[in-house]
Amino acid sequence: MLWSRLFIPTLRENPAEAEVVSHQLLLRAGYIRQLGAGIYNYLYLAQRSILKIQGIVREEMDAIGAQEFLLPALNPAEVWQESGRWDIMGDNMFRLKDRFGRPLCLGMTHEEVMTSIARGELRSYKQLPQIWYQIQTKFRDEPRPKSGLLRVRQFIMKDSYSFDLAQEGLDAAYEKHRLAYCKIFDRCGLEYVAVEAHSGAMGGSQSQEFMVATNAGEDYVVTCKATGYAANLEKAVSRPVPPAAPDPAGDLSPKEVHTPGQKSIDEVAAFLKVPQTSLIKSLVLVADGKPFLAVLRGDHQLSETKFQTAAGCTEFRPALPEEMRQWLGADAGSLGPIGITNMKVLVDAALEGRRNMISGANKDDYHLLNVTPGEDFAAEYHDLRQVAEGDTELESGLPLETKKTVEIGHIFKLGYKYSKSMGLNVLDQNGVEQPVIMGSYGIGIERVLCAAVELYSDANGMSLPVSIAPFEVVVTPVKAADATLRQAGEDIYNALKKAGIDAILDDRDMSPGVKFKDADLIGIPYRVTVGKKLVEGKVEVSERRTKTMTEVPVTEVVAWLAEKIAAAKQS
RNA sequence: CGGGGCGUGGCUCAGCUUGGUAGAGCGCCUGGUUCGGGACCAGGAGGUCGGAGGUUCGAAUCCUCUCGCCCCGACCA
């Protein structure tokens, strides 16, 4: 490719609308242009990178025996109505009607369509297992698209689906995917962690997310360096920081104390001169229409996901002030678990074994001293709290770390959700109809690119891994007007191409500074500079990532680069 | 959906408070000189000031409505 003939619209300045690094650089480096909120044009460079990522994904999927399909992005409503997700997806689904008024939608994911294929064709256990995948554009009407390509309304996803007769088959398909994903992300040059993820209320038994740590991310993961523990914050468990003060000893009875105007945990703790860890926090929640009281240590925060699991609900909200008054007889700030009979009380496990704590009295401006969970009120213990700063690993007590991350892949044991709702059954060895057990596995293709940019960039631009950079090598004759340099550059370029190296020749009649800056900006891993040293029969090879420069004889440069590139793709 | 911000040549932005001939830098075109980290000289092209309506002799500027984009929150398989 001759740079002079390509459309690579680099910008000297950052476009005003870009906030996160990957967004800024993808725009500046001429990879993408925005068409609308959360809708992007992928220009030549982006498409080259994306094709390389897809190529790696294909190779690794094919390697586990997965078969590539291509399903419609445009879906009739019926299949989504059958699974029940036509309603569940709500406003996140793009919906439209055809000329006859028939409802359609743009696919957000393809469990339904895959299941509809399977149920028509899979009849016998002998046809199982199957793994089917596609690389397809997905549509989601995000309430707030943002961060460039990280949260968009239209994006490319590799999604695969496994079909098995029994749990062991699903386990095997899941494990194959887990290993394939590791290979894919390794080959894409990413640093990532696989974390335990929340599987949702709908029967999913196991799920893991592949996360890349970056400040541009929106998910939090908790990891322990020492033990390798890693989980999404939604699901992470930990050993809490011990209470800041010992509980008063003895078998004391609850005692009212006047706390005028003291509502927040902060205020009450200060007023009574005790640490927050001696207080009991009580939250009134309405889950699937039923009231619940969630009880936590004063300094702890409720994990919404854990509460949902404990309450067995699909949605919940905080109670309204009127509801609290009606049910508990006091306003928020004076609520507590004692004497509650009209709702279920869920207590966080961190309160187990504590004694003589302080809670609201269910009477405005009063709190109770000497409240002992399990004695003064019935306590059903659950893990309800979110991992907090300073918590340690549950088993080992070693330090935990919380990081902001972006999700690039997710593997998920679906179970029978779709096969049951949509009637996907096969006959087993005994001729008995059995529902098929399924798994679903996704990779966000653009997110792989974004994550790489976020991980590997500097003041000069991006510095992509060799395997996914739009080009592997740029050959830059310093002076285009110099016929000798130009010819030498062309020769090297042709030799690289012949050796199967993905090279580009920067034949533009520009000052060298511009060419160097552009090459750095778009992140080509190696640059061959053809200049002064040519009279000695040498060129200079610069490595983008390490900023190192090596003089290499012209006669050896192809072999030198071939070796480097092969090595870079290995690791 | 709530809160905030921004829409002026391709890009970054000034001008708006206090109405009076649309500007700068970068980029682009032509010619020339240059050529190892975003060169220089000379000449040139390019803008319905997001859109509609209103006030006014006169609107980028004031008023009303509207559309779009960004950020925070709500939301997020």
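Keep in mind it's a predicted model, so treat the numbers as computed, not measured.
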* Asked: Just by distance, with hydrogens left out, do A:Gln67 and A:Tyr133 show a side-chain donor and acceptor under 3.5 Å apart?
  -> no
* Counting any heavy atom closer than 4.0 Å, what does A:Asp91 reach on the DNA or RNA strands: base, sugar-phosphate only, or nothing? -> nothing
* Asked: Rounded to the nearest Å, what distance is computed from the NZ atom of residue A:Lys515 to the C1' atom of nucleotide B:G37?
  -> 12 Å
* Using a 4.0 Å heavy-atom cut-off across all strands, classify A:Ser440 as base, sugar-phosphate, or nothing. => nothing
* Nearest listed nucleotide, side chain of A:Ala16, among B:C71, B:A39, B:U12 -> B:U12
* Asked: For A:Asp509 and B:G38, what is the distance between atoms CG and C1' respectively, to the nearest whole Å?
  -> 15 Å
* Grab the CD-P distance between A:Glu19 and B:G4 for me, whole Å please. => 18 Å
* Asked: What orientation do A:Tyr441 and A:His177 show, parallel under 30°, tilted 30 to 60°, or perpendicular over 60°?
  -> parallel
* **Ring centres under 6.0 angstrom apart (A:Trp132, A:Phe69)** => yes
* Indicate, with a heavy-atom threshold strictly under 4.0 Å, whether A:Met549 touches base, sugar-phosphate, or nothing. => nothing
* **Sugar-phosphate only, base, or nothing, as touched by A:Gly442 at under 4.0 Å among non-hydrogen atoms** => nothing
* Classify the nucleic acid contact of A:Arg33 as base, sugar-phosphate or nothing, counting any heavy atom under 4.0 Å across all strands shown. => nothing
* **Span that lies between the C1' atom of B:U61 and that of B:C49, in whole angstrom** => 10 Å
* With sugar-phosphate meaning primed atoms plus P, OP1 and OP2, does A:Thr476 contact a base, only sugar-phosphate, or nothing at under 4.0 Å between heavy atoms? -> nothing
* Just checking A:Glu13: base, sugar-phosphate only, or nothing, at a heavy-atom cut-off of under 4.0 Å? -> base
* **P spacing across the pair B:A22 / B:U48, given as an integer number of angstrom** => 13 Å
* To do: Tell me what A:Pro15 touches on the nucleic acid: a base, only sugar-phosphate, or nothing, going by heavy atoms under 4.0 Å.
  => sugar-phosphate
* Please give, in whole Å, the distance from B:G27 P to A:Arg28 CZ? -> 14 Å
* Are the charged groups of A:Asp458 and A:Arg544 less than 4.0 angstrom apart, N to O? -> yes
* Structure fact -> The nucleotide from B:G38, B:C69, B:C35 with an atom nearest the side chain of A:Thr10 is B:G38
* Asked: Ignoring hydrogens and angles, does a donor from either the side chain of A:Asn460 or the base of B:G37 sit under 3.5 Å from an acceptor on the other?
  -> no
* Aromatic ring proximity A:His23/A:Tyr40, centre distance under 6.0 Å -> yes
* Asked: So what does A:Lys146 touch, heavy atoms closer than 4.0 Å: a base, only the sugar-phosphate, or nothing?
  -> sugar-phosphate
* To do: Provide, to the nearest angstrom, the distance between the CG atom belonging to A:Asp506 and the C1' atom belonging to B:G37.
  => 13 Å
* Roughly, in whole Å, what's the span from CZ in A:Arg508 to P in B:G27? -> 13 Å
* Inter-nucleotide P distance (B:C16, B:C1), Å rounded -> 34 Å
* Candidates B:C69, B:G38, B:C71 - which lies nearest the side chain of A:Ala37 -> B:C69
* **Touch class at under 4.0 angstrom, heavy-atom based, for A:Ala481 against every strand present** => base
* Asked: How long is the line joining CZ of A:Arg153 and P of B:C75, in whole Å?
  -> 20 Å
* Look at all strands and tell whether A:Gln34 reaches a base, only sugar-phosphate, or nothing, counting heavy atoms closer than 4.0 Å. => sugar-phosphate
* To do: Would you please say whether a donor-acceptor pair under 3.5 Å links the side chains of A:Tyr526 and A:Ser542?
  => no
* To do: Looking only at side-chain atoms of A:Val478, point me to the closest of B:G37, B:C71, B:G36.
  => B:G36
* **Rounded C1' spacing from B:A60 to B:G15 in Å** => 8 Å
* Can you tell me if A:Tyr418 and A:Arg85 form a side-chain donor-acceptor pair at under 3.5 Å? -> yes
* Which value, in whole Å, describes the distance between the P atoms of nucleotides B:G50 and B:A14? -> 13 Å
* **Heavy-atom donor-acceptor pair, A:Arg12 side-chain to B:G25 base, under 3.5 Å** => no
* Asked: When rounded to the nearest Å, what value does the distance between P atoms of B:G44 and B:C35 take?
  -> 28 Å
* Structure fact -> From NZ of A:Lys517 across to C1' of B:G36 the rounded distance in Å is 13 Å
